[in-house]
Amino acid sequence: MRKELRDTETEYFIATFKKCSMYYSRGKKRYSFLFTDITDRNGKILTDHVWVRAGLIKDALGDARLETGQSLKIYGNVDMYLKGYKGHRIAYRSGEIQLDYTITDIKKIEKI
């Protein structure tokens, strides 16, 4: 669990864009962005990484493209979610379902 991320009250997060990955959900192709080295505006480390669904940042990015290693300011909120496989296939069950935290409701992304 990302307790530091959960307990923060910052105006924006500073993160490094790592990559964009594709996955399938309910038979549809979807994308997620991996951000690493997440800190608050004062430089306090909050977590080593977060995955953010592409749909949450599409409007904030507009036509801008992200490059690997690029530093960003992310204006958004912290929200909780259930982490782990919740489907019916036994082969994919690797552990327990846990409560975790991520960045959501992204309003703006600025390149640093």
Side-chain angles (χ1 to χ4, degrees):
M1 179 176 17
R2 298 173 170 96
K3 291 179 183 177
E4 296 291 330
L5 186 61
R6 175 192 68 189
D7 296 336
T8 190
E9 292 190 24
T10 186
E11 180 183 350
Y12 58 84
F13 304 93
I14 298 174
T16 303
F17 173 69
K18 197 68 162 179
K19 66 178 180 176
C20 179
S21 292
M22 187 221 26
Y23 66 97
Y24 286 94
S25 176
R26 298 182 181 162
K28 292 185 180 182
K29 192 185 293 189
R30 302 187 191 272
Y31 296 89
S32 282
F33 288 79
L34 174 62
F35 297 103
T36 60
D37 305 322
I38 314 300
T39 65
D40 65 7
R41 62 187 177 138
N42 298 320
K44 179 182 175 189
I45 297 174
L46 302 174
T47 186
D48 62 340
H49 76 281
V50 292
W51 286 94
V52 179
R53 289 177 289 152
L56 294 175
I57 62 173
K58 182 180 176 184
D59 294 334
L61 276 176
D63 294 332
R65 297 221 178 238
L66 299 178
E67 297 177 19
T68 301
Q70 190 169 44
S71 293
L72 306 165
K73 280 185 185 178
I74 302 173
Y75 294 82
N77 298 319
V78 175
D79 199 8
M80 63 181 137
Y81 71 100
L82 292 176
K83 178 180 177 179
Y85 179 72
K86 297 176 273 300
H88 64 278
R89 296 182 182 171
I90 301 272
Y92 292 110
R93 293 186 185 181
S94 61
E96 295 181 14
I97 295 174
Q98 302 172 350
L99 185 64
D100 207 355
Y101 297 87
T102 190
I103 301 172
T104 62
D105 193 26
I106 297 172
K107 296 164 192 65
K108 182 169 67 169
I109 295 176
E110 294 178 356
K111 297 177 182 179
I112 298 177

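In this structure, Tyr24 and Lys29 have side chains that are in contact, with non-hydrogen atoms separated by less than 4.5 Å. By the 4.5 Å heavy-atom criterion applied to side chains, Asp105 and Asp79 are not counted as neighbours. Looking only at side-chain heavy atoms (C-beta outward), Phe33 and Trp51 stay at 4.5 Å or farther from each other. A heavy-atom distance below 4.5 Å is found between the side chains of His49 and Leu34. Using a 4.5 Å cut-off on side-chain heavy atoms (C-beta onward), Leu72 and Lys111 make contact. Under the 4.5 Å side-chain criterion, counting only non-hydrogen atoms from C-beta, Ile57 is in contact with Phe35. With contacts defined as side-chain heavy-atom distances shorter than 4.5 Å, the pair Lys73/Ile112 qualifies. Counting only heavy atoms from C-beta outward, the side chains of Arg2 and Thr102 never approach each other to under 4.5 Å.
Cluster annotation: Leu5 and Tyr12 are assigned to distinct hydrophobic clusters (Ile/Leu/Val/Met/Phe/Trp/Tyr, side-chain heavy-atom contacts under 4.5 Å, transitive). A single hydrophobic cluster is not seen to contain both Ile109 and Tyr31; linkage of ILVMFWY side chains at heavy-atom distances under 4.5 Å, directly or through other members, places them apart.
The line from CD of Glu11 to CG of Asp40 is 11.5 Å long, rounded to the nearest 0.5 Å. Note: Lys28 NZ to Tyr23 OH = 12.0 Å, rounded to the nearest 0.5 Å. The line from OG1 of Thr68 to NZ of Lys18 is 8.0 Å long, rounded to the nearest 0.5 Å. Ile14 CD1 to Ile38 CD1: the interatomic distance, rounded to the nearest 0.5 Å, is 10.0 Å. Interatomic distance, Ile106 CD1 to Leu56 CG, rounded to the nearest 0.5 Å: 6.0 Å.
Cation-pi geometry between Lys108 and Tyr75 is satisfied (NZ or CZ under 6.0 Å from the ring centre, within 45° of the ring normal).
With hydrogens and angles disregarded, no donor-acceptor distance shorter than 3.5 Å links the side chain of Asn42 to the backbone of Lys44.
Closest approach of Arg6 and Val78 over heavy atoms only: CA-CG1, 4.1 Å.
The only option from Thr39, Ile103, Val50 that meets the side-chain contact (heavy atoms from CB on, under 4.5 Å) definition with Phe13 turns out to be Ile103.
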